Each structure stands twice: as structure tokens, then as C-alpha cells.
Amino acid sequence: MTGTINGSFVQRNKRQKDNKQRSSTYVSVDNILKMSFLGLLCLYLYNFFVIAYRAHSESSGSGSSSSISNNNNRRIKTIIDDVTEAGATTEVDHESTSMGNNNFNGGAIQEKEEEDNLLPRVLALVFPQFHQDPLNDYLWGKGFTDWDNLRKAPAKNRNGFAIPRPTELGYYDYTDVEPRKKQGELALQYGIDGFLYHHYWFYDKDHPGPNLHQPIVNMLKDGHPDMPFALHWCGIKWTNTWSGNVGPDFVFKEGGVLQKQYFPTNNTDPLITAHYEWLKPFFHHPNYIKVDGKPLFMLYQRKPGAMVVFHRLNELAQQDGFPGLYATVGLSKPHAHLLPMKDEKQERGFKVMMGRTLGYKVSNLKVYDKVVSYPNPSDWAEGRSLEIPSWCASVTASASASASQTRAMDIVGIISSFDNTPRRSLEEANLFGTGDPQEVVENFRKNLHSAIYYEACCFRDDKVRLQKKKQDDDRFIIINAMNEWAEGMALEPSDVYGRSFLETIRDTKRSIREKGCR
């Protein structure tokens with residue numbers, strides 16, 4: 001932009017000079033002095049405005065945040081101050097909580113895992129929406145949470161199967177310490193190695209910063225749940241795909257869009273720095289999950305605009321004393337080894353998508369370390385389970401066949417089942433992997449067993465990995481979800497499944513450890 005202004009200025013002076021030369025062959029000394037003075041004045045003013053413009057650009061960034069109001073700037077500063085203070089005052093009582101003892105059924109298993117690092121870390125996504133939040137108040141009405149959707153849902157879905165409701169933990173307020181503490185104790189008791197909290201941060205100039213964040217800020221303050229965790233950025237716009245009515249004060253500015261999302265085009269945008277300042281107390285928390293010292297930071301869905309953000313966050317993490325970030329991005333695709341496609345064209349399409357995603361670079365540096373393969377309700381996944389590849393599954397499979405394989409750059413994603421009837425009407429709901437409860441749990445067991453066995457046993461010569469400490473390893477299994485009740489994805493105890501999903505995690509990990517790799 002500066003170059004264009006400067007070019008116009010020079011061309012305009014040249015035209016004026018040519019005109020004067022054509023109109024007169026004599027210019028007085030006085031006129032020369034006057035012209036010189038005016039020229040210097042114009043040049044001074046021009047430079048003054050250019051410098052002012054550049055200073056404004058550097059302080060304001062580009063794109064959406066350059067016009068953020070003072071009120072929003074103050075809001076973000078207050079929120080960052082709050083989370084920073086919470087991080088500074090965190091006191092984790094390891095003696096009285098599950099991280100510091102092994103009085104649970106899963107304790108002995110976890111203790112053994114720390115010794116030999118055989119099994120991958122099993123992580124569960126956590127939905128933090130169950131509390132009053134200003135944005136939800138505005139969008140849906142004062143006091144709304146997703147519990148409202150579940151409470152008003154019918155007893156059964158359109159196929160006649162019961163919609164699960166919570167039992168042991170109840171319809172909790174997730175800002176309260178007790179349900180978070182009990183949730184963490186249950187998770188560790190049954191072999192869940194960590195939580196992935198959905199993280200909502202918007203780069204919208206009208207509503208920048210975080211939302212639905214109070215439960216994890218409270219976690220920094222009170223230390224519960226006391227277990228490993230990382231953040232999973234849902235960096236997308238919110239659209240009205242639910243059947244509920246919007247709040248009385250909400251007005252759609254764009255068809256169907258509840259909350260916009262933008263991405264800065266300039267990595268000097270101050271909102272990216274603000275984003276990192278908010279993340280910083282979490283990254284420095286002793287329970288934060290890392291890979292080779294790098295905080296694990298995950299993006300829910302591939303968005304090209306997010307690459308600039310991730311690149312800058314990685315730089316800021318390095319300036320903050322970390323080796324960088326360990327960045328992953330979610331794709332709706334089958335796992336490269338565990339769910340091969342019968343359609344060759346479709347298989348090639350998924351490979352191209354994954355290659356392009358992992359090949360993304362900013363300033364000649366890779367943005368993402370791995371992808372997460374989410375089995376979203378799709379035709380390619382319906383009625384199928386993850387399968388251990390033949391070159392690994394058979395007792396007679398040769399060591400050379402296994403040794404010739406390269407571990408896929410996929411993190412395995414698993415869901416228990418999917419039924420979003422509470423958020424939609426009976427006929428519009430998406431049903432995936434639902435049915436008889438025993439069949440649903442058995443399918444979950446097959447998927448989990450294949451995923452854990454693959455990561456633990458299919459690459460026998462990986463001596464470097466076996467020597468790693470678990471806290472540095474990059475092998476993860478991600479389960480969706482611990483508590484997404486309105487989509488039928490909940491590991492927490494329910495009136496339909498009891499503790500079956502949790503017991504399946506514990507038993508599957510124990511079975512692989514006891515039986516070993518074939």
C-alpha cells in the first residue's frame with residue numbers, strides 16, 4: 001500500500017513539472033524557492049502520514065482486529081488477567097487426589113505404563129458448555145445450557161432406542177468443583193490418560209476472545225480435575241443447526257450464523273498475541289500434555305486461515321521457552337491403516353487431502369505435526385469397525401512385513417455412538433452407530449482394541465519409542481466424547497449404558513497389556 005502511494009506522489013510531481021516546462025521558458029528565483037518550500041512541506045507531510053500509518057498497522061495488526069473497539073480490548077485484557085492470575089495461584093494437591101495415588105482400579109495399569117511406555121495415551125474430549133455463559137445467554141436466552149436440549153428430548157430416538165441421560169454425576173454445573181473432581185476421578189479410575197477440553201476463541205472484531213472458558217479457568221484455580229489435559233481449539237463459526245429458537249435479543253446478521261469466526265492475515269496481529277497470553281497459563285500448568293516438551297494444541301477442523309495463527313502461536317511458544325507447539329488438525333476421514341477404503345478413487349482422495357494438510361507450510365515451516373482422523377457420521381464409516389491391518393494382526397505375520405511399514409501420521413479418533421436427537425427433531429436427527437446397547441458397547445470395544453493394539457504392537461522395531469517417557473510420546477487415541485450428551489457421545493455413567501464405556505476402556509487396556517503383542 002505504501003509503495004502505491006509513493007508511486008502516485010512521484011508521478012504527480014513529474015506531470016506538474018512537465019506542464020510548467022511547456023507553459024514557460026523562464027522561472028524566477030523566487031518561484032523556485034517557493035516551489036522548493038512547498039515540495040519539502042508536501043514531502044514532510046507525506047512522510048509524517050506514512051510513518052503514522054505504519055505505526056498504526058503494527059499496533060493494530062490487520063484484518064478483523066484492526067477495528068476492535070476499546071470495550072472489547074478491555075474485555076480481552078480482563079479475561080487474560082483473570083486466567084493469568086488463576087494460573088499463578090494454582091495449587092494441585094497431589095496427595096489427596098487421584099494423580100498422587102493408585103487407589104483406583106486403573107492405578108496399577110497406569111503405574112506399569114509409565115515404566116515401559118507400551119500403550120498410547122487414551123484421551124477423551126470434554127465439552128465445557130454446561131454452565132451459564134454470556135454468549136449463550138445472548139444466542140439462546142438467559143441461563144441456557146445444552147442440558148436444556150437433553151431435558152426436552154424424547155425418551156427414544158426414531159429407531160426406538162433410548163436416549164441416554166446422566167446418572168451418577170447428574171445435570172451438573174461444570175463451573176462447580178465437585179462434578180469436575182468426580183469426573184476426573186472416574187476417568188483415571190478406568191484408564192483415561194487425559195482430557196482434551198474444547199477451546200473456543202474468536203477472532204471476530206465484534207466479539208473477540210474466548211467463550212465457554214470459565215470451567216477450565218476454575219480448574220486452574222482449584223486444581224480439579226487433577227489429571228493431564230490439553231486444549232482442542234474449535235476454531236469455526238457457530239451456525240444455527242439446532243432446532244431450538246434463538247434468544248429474544250439475538251438478531252441474525254448473516255443467514256444462519258450465530259457467531260462469526262475470522263482468521264488474521266498478518267502474523268503481527270495483536271489478537272494472536274492476546275490468544276497466546278490467554279493460553280500461556282495452561283501450557284505452563286504441570287498437568288498440560290506435551291510431546292517432547294511441546295504443548296499439544298489441536299485444531300478441530302482444517303481451516304486454511306488458521307495456519308497463520310498456528311505459525312505465530314508456535315513462534316510465541318518458542319519465545320516463551322518451549323521447543324514450540326505440537327500441532328494437530330482434525331479431518332473427517334478414515335484412518336490410513338485401520339479403515340481402508342474399498343473405493344480406490346475415494347481412497348486416493350483421502351490420501352491427497354491428508355498429504356496437502358501435512359504439507360502446509362508458512363515461512364517454509366510445517367504447520368501441523370499430525371492429523372486426527374475423526375469417524376464422523378459418514379457413508380464410508382457406517383456399519384464398519386476399525387480393523388488391525390493383516391500385516392500386523394496375524395500370528396504368522398512376519399517381522400519383516402511389520403518392519404517395512406511406516407506408522408501412519410494419523411491420530412485415531414473413536415466415537416461411542418452418535419445421536420443428536422436432543423438438538424434436532426426426530427426425523428432430522430443424525431443417527432450413527434446407535435442400536436442395542438450391548439451391540440453399541442461391543443462395537444466401541446472393537447474400535448478401541450484395534451486402535452490401541454495398532455499403536456502398541458504393529459511396529460515392533462520401534463526401539464526409540466519404547467525408550468521414550470510417556471509424557472514425551474506422540475501416540476494418542478482420542479475418544480469423542482466424555483460428556484457430549486446432546487449428541488449421544490458420553491463416557492460418563494448413564495441410565496442406558498451405566499459405566500460400560502468406562503469399563504471397556506479399562507478392560508481393553510488391561511487385556512492388551514496382559515496378553516501382549518502376538
Side-chain angles (χ1 to χ4, degrees), residues 124-133 135-175 179 183 197-198 200 211-212 215 232 234 236-247 250 256 258-259 300 332 374-378 381-382 413-437 439-441 443-444 479-502:
L125 286 163
V126 175
F127 187 51
Q129 203 261 22
F130 302 108
H131 68 284
Q132 187 170 355
D133 178 85
L135 184 56
N136 269 347
D137 286 349
Y138 173 55
L139 297 178
W140 303 107
K142 190 172 179 61
F144 171 87
T145 75
D146 218 16
W147 290 132
D148 296 319
N149 286 326
L150 187 62
R151 284 191 176 101
K152 69 183 182 183
K156 298 180 178 181
N157 62 28
R158 65 171 178 269
N159 290 341
F161 294 103
I163 296 173
R165 265 78 172 179
T167 52
E168 296 181 38
L169 299 185
Y171 293 85
Y172 48 74
D173 181 332
Y174 204 51
T175 59
Q183 183 194 55
Y197 294 104
H198 286 317
Y200 302 89
N211 269 96
L212 302 176
H232 181 257
C234 299
I236 59 175
K237 64 183 178 183
W238 289 1
T239 56
N240 188 19
T241 57
W242 298 357
S243 58
N245 295 319
V246 295
F250 179 75
L258 297 166
Q259 171 58 53
Y300 163 66
S332 179
Y374 285 121
N376 291 348
S378 307
E382 185 63 49
I414 298 173
I415 61 174
S416 51
S417 63
F418 189 94
D419 179 357
N420 61 4
T421 301
R423 292 180 179 170
R424 301 193 176 196
S425 66
L426 278 172
E427 296 306 316
E428 292 178 340
N430 295 312
L431 307 180
F432 177 79
T434 60
D436 177 80
E439 293 177 357
V440 171
V441 173
N443 189 58
F444 175 71
I479 301 175
N480 197 3
M482 190 69 186
N483 63 341
E484 188 107 24
W485 286 95
E487 289 188 344
M489 300 186 294
L491 301 177
E492 292 174 351
S494 72
D495 58 351
V496 174
Y497 297 103
R499 293 189 176 187
S500 295
F501 291 123
L502 294 170

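Atoms considered below: every heavy atom in the structure, side chains included; atoms not considered: hydrogens, waters and symmetry mates. All residue numbers in this chain count up from 1 along the given sequence. Not measured: the values here are computed from a predicted model.
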Exercise for review: Hey, could you give me the OH/NE2 distance between Tyr172 and His131, rounded to the nearest 0.5 Å?
Suggested key: 12.0 Å
Point to revise | Spacing of Asn211 atom CG and Cys234 atom SG [to the nearest 0.5 Å] | key: 12.5 Å
Point to revise | Spacing of CG belonging to Leu125 relative to CD1 belonging to Ile479, to within rounding of 0.5 Å | key: 9.5 Å
Review point. Do Phe161 and Asp419 touch side chain to side chain, with heavy atoms closer than 4.5 Å?
Key: no
Practice item. Locate the shortest heavy-atom distance separating Leu502 from Pro493; write the atom from each residue and the value. Key: CD1-CD, 4.3 Å
**Study point:** Leu491 to Phe444 - nearest heavy-atom pair and separation
**Key:** CD2-CZ, 4.1 Å
Check your understanding: Do Leu169 and Pro179 come within less than 4.5 Å of each other through their side chains, counting heavy atoms only?
Key -> no
Review point. Does Gln132 reach the side chain of Thr175, with side-chain heavy atoms less than 4.5 Å apart?
Key: no
Exercise for review: Scan Glu428, Glu484, Glu487 and name whichever one has a side-chain contact (heavy atoms from CB on, under 4.5 Å) with Asn420.
Suggested key: Glu487
Review point. Can you check whether Thr145's main-chain N or O pairs, donor with acceptor, with Asp148's side chain at less than 3.5 Å?
Key: yes
**Study point:** Distance in Å, Asn157 CG paired with Ile163 CD1, rounded so as to fall on 0.5 Å steps
**Key:** 5.5 Å
Review point. Is the closest side-chain heavy-atom distance between Gln259 and Tyr200 below 4.5 Å?
Key: no
Exercise for review: Evaluate the side-chain proximity of Pro166 to Leu150: yes if any heavy-atom separation is below 4.5 Å, no if none is.
Suggested key: yes
Exercise for review: Can you measure from CG (Leu135) to CH2 (Trp140) and round to the nearest 0.5 angstrom?
Suggested key: 10.5 Å
Point to revise | Heavy-atom side-chain proximity of Met482 to Phe127 below 4.5 angstrom | key: no
Exercise for review: May I ask you to decide if the ring planes of His232 and His198 are parallel, tilted or perpendicular, using 30° and 60° as cut-offs?
Suggested key: tilted
Practice item. With the side chain counted from C-beta on, respond yes when Leu212 and Asn136 share a heavy-atom pair under 4.5 Å apart, and no when they do not. Key: yes
Point to revise | Rounded distance [0.5 Å steps], CE in Met489 versus CG in Asn480 | key: 4.0 Å
Check your understanding: Partners of Glu168 by salt bridge (Lys or Arg N to Asp or Glu O under 4.0 Å), sequence neighbours excluded?
Key -> Arg499
Practice item. Using side chain to side chain donor-acceptor pair (under 3.5 Å) as the criterion, list what pairs up with Arg165, not counting sequence neighbours. Key: none
Study note, to complete from the structure: In short, Phe501 meets Ala490 closest at the heavy-atom pair CD1-O, 3.6 Å
Revision key, fill the gap. Shortest non-hydrogen pair, Tyr497 vs Ser417, comes out as OH-OG, 4.4 Å
Review point. Judged by atom type as modelled, is there a donor-acceptor pair below 3.5 Å linking the side chain of Thr421 to the main-chain atoms of Pro154?
Key: no
Exercise for review: Would you please indicate yes or no on a ring centroid separation below 6.0 angstrom for Phe130 and Trp485?
Suggested key: no
Practice item. Would you name the heavy atoms of Ala486 and Pro422 that are closest together and state the gap between them? Key: O-CD, 3.5 Å
Check your understanding: Does Gly143 offer a backbone N or O that forms a donor-acceptor pair with the side chain of Asp137 under 3.5 Å?
Key -> yes
